[in-house]
Amino acid sequence: MFFNKKTEISIDDRLKHIAFIMDGNGRWAKRRALPRSAGHKFGVNSLEKIARICFECGIKYVTVYAFSTENWSRPKNEIDSIIDLLRSYIKRAKEDNTLRYIFLGDKTVLDEKLQDMMNELEEITKNNDKILNIAFNYGGRAEIVNACNTLIASGKNKITEADITNNLYTAHMPDPDLIVRTAGEFRISNFLLWQCAYSEFYITKKLWPDFDKAELKKAIDSFYKRTRRFGGLNKGEE
Ligand code: IPE
Ligand code: IPE
Ligand code: MG
């Protein structure tokens with residue numbers, strides 16, 4: 001285990017990839033009699049802090065679920081506020097240029113200028129080694145269908161698991177070891193359906209804007225108490 005003095009969190013290479021279902025922004029705002037957009041704004045603060053702590057600990061891949069293919073059914077003003085937050089986030093990330101950004105999801109339905117900003121951020125940061133995946137207009141089912149269509153277009157008529165894995169938005173990345181969901185719901189909400197086959201889950205009632213270093217430590221401590229078997233048996237279990 002590698003103990004990071006600054007974060008006071010120990011990790012080792014069993015935890016290469018952590019993913020967050022950042023839920024509860026709306027409830028956080030409601031409790032404060034604020035508009036839902038304020039919840040999303042504070043949610044972005046949490047994201048910036050938590051991603052930085054994860055990378056300081058030595059985690060190599062962080063994935064966050066920012067906007068699902070189903071979130072288009074929300075009121076237009078809420079969607080607009082989330083897209084505005086994405087725009088300002090991209091501007092800051094571009095200035096900072098310390099992380100590598102990869103967007104998971106279908107960009108093609110977004111405003112062209114926003115697509116350009118997203119593509120530019122991916123391009124500018126492509127040589128940084130800490131990877132922050134932002135799942136935006138992401139759906140796990142759509143991702144699998146998209147991979148299958150790419151394979152059909154390439155002329156394949158028989159496909160393997162590796163073919164699908166290598167044509168997902170997360171191609172060539174390890175699957176998430178740990179998926180954290182805030183705000184207490186025990187569901188996957190169409191997130192990383194293929195990649196979560198052997199992920200460990202951690203669910204907390206804390207709302208995403210309140211999720212801090214202490215909460216992250218609890219999630220990671222819980223991860224290290226799990227026995228992962230991947231369908232097999234560990235030493236001493238035979
Ligand atoms: C998660 O927070 C962010 C998005 C889905 C964009 P919610 O907005 O879902 O917050 P709750 O679940 O309503 O509290
Ligand atoms: C999941 O949260 C999506 C994101 C965090 C972006 P939702 O709030 O959309 O999930 P449900 O509707 O409660 O399943
Ligand atoms: Mg929600």
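Counting starts at 1 for both ligands and their atoms, following the listed order.
Proximity to Arg74 (heavy-atom distance under 4.0 Å) selects the following atoms of ligand 1: 5 (C), 7 (P), 8 (O), 9 (O). Of all atoms in ligand 2, numbered sequentially from 1 with element shown, those under 4.0 Å from a heavy atom of Arg187 are 11 (P), 13 (O), 14 (O). Every atom of ligand 2 with a heavy atom of Arg181 under 4.0 Å away is listed here by number and element: 2 (O), 10 (O), 11 (P), 13 (O), 14 (O). The atoms of ligand 1 that sit less than 4.0 Å from any heavy atom of Ile82 are 6 (C). Taking a cut-off of under 4.0 Å to the non-hydrogen atoms of Phe67, the atoms of ligand 2 that pass are 6 (C). Close approach of ligand 1 to Ala66 is summarised as follows: ligand atoms under 4.0 Å from at least one heavy atom of the residue are 6 (C).
Summary: OD1 is the N/O/S atom of Asp23 found nearest to the Mg ion (ligand 3).
Contact detail for Asp177 and Arg14: the closest heavy-atom pair is CG-O, 3.2 Å.
Contact annotation: for Arg27 versus ligand 2, there are no heavy atoms closer than 4.0 Å. Within the 4.0 Å heavy-atom criterion, neither part of Ser68 lies near ligand 1. Counting heavy atoms closer than 4.0 Å to ligand 1, residue Asn71 contributes side-chain atoms (C-beta onward) but none from N, CA, C or O.
Backbone and side-chain nitrogen or oxygen atoms of Trp28 are examined, and none is located within less than 3.5 angstrom of a nitrogen or oxygen of ligand 1. Checking only distances, Glu185 never comes within under 3.5 Å of ligand 2, N or O to N or O.
The shortest contact between atom 14 (O) of ligand 2 and any protein heavy atom is with Ser189 OG, 2.6 Å. Of all protein heavy atoms, the one closest to atom 10 (O) of ligand 1 is Gly26 N, 2.9 Å. Counting only heavy atoms of the protein, atom 1 (C) of ligand 1 lies nearest to Met22 O, 3.0 Å.
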Report task. Would you sort out whether Thr63 and His17 count as a side chain to side chain donor-acceptor pair (under 3.5 Å), showing the intermediate values? Result -> CA-CA 8 Å; Thr63 299; His17 185 173; 2.7 Å; yes

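Remark: of the listed residues Lys225, Arg181, Arg226, Arg226 is the sole one forming a salt bridge (Lys or Arg N to Asp or Glu O under 4.0 Å) with Glu200.
Under the 4.5 Å side-chain criterion, counting only non-hydrogen atoms from C-beta, Thr7 is not in contact with Lys217.
When distances from atom 12 (O) of ligand 2 to the protein are checked, no heavy atom turns up under 4.0 Å.
Using a distance-only test at 3.5 Å, with no hydrogens or angles considered, a donor-acceptor pair links the side chain of Thr125 to the main chain of Leu121.
Criterion: ILVMFWY side-chain heavy atoms under 4.5 Å apart, direct or through other members. Under it, Leu207 and Tyr202 are not part of a common hydrophobic cluster.
Taking the ring axis of Trp72 as reference, the NZ or CZ atom of Arg74 does not stay both within 45° of it and closer than 6.0 Å to the ring centre.
Between Phe230 and Tyr198, the ring center distance clears the sub-6.0 Å criterion.
One distance of note links CG of Leu85 with NE2 of His40; it measures 8.0 Å at 0.5 Å rounding.
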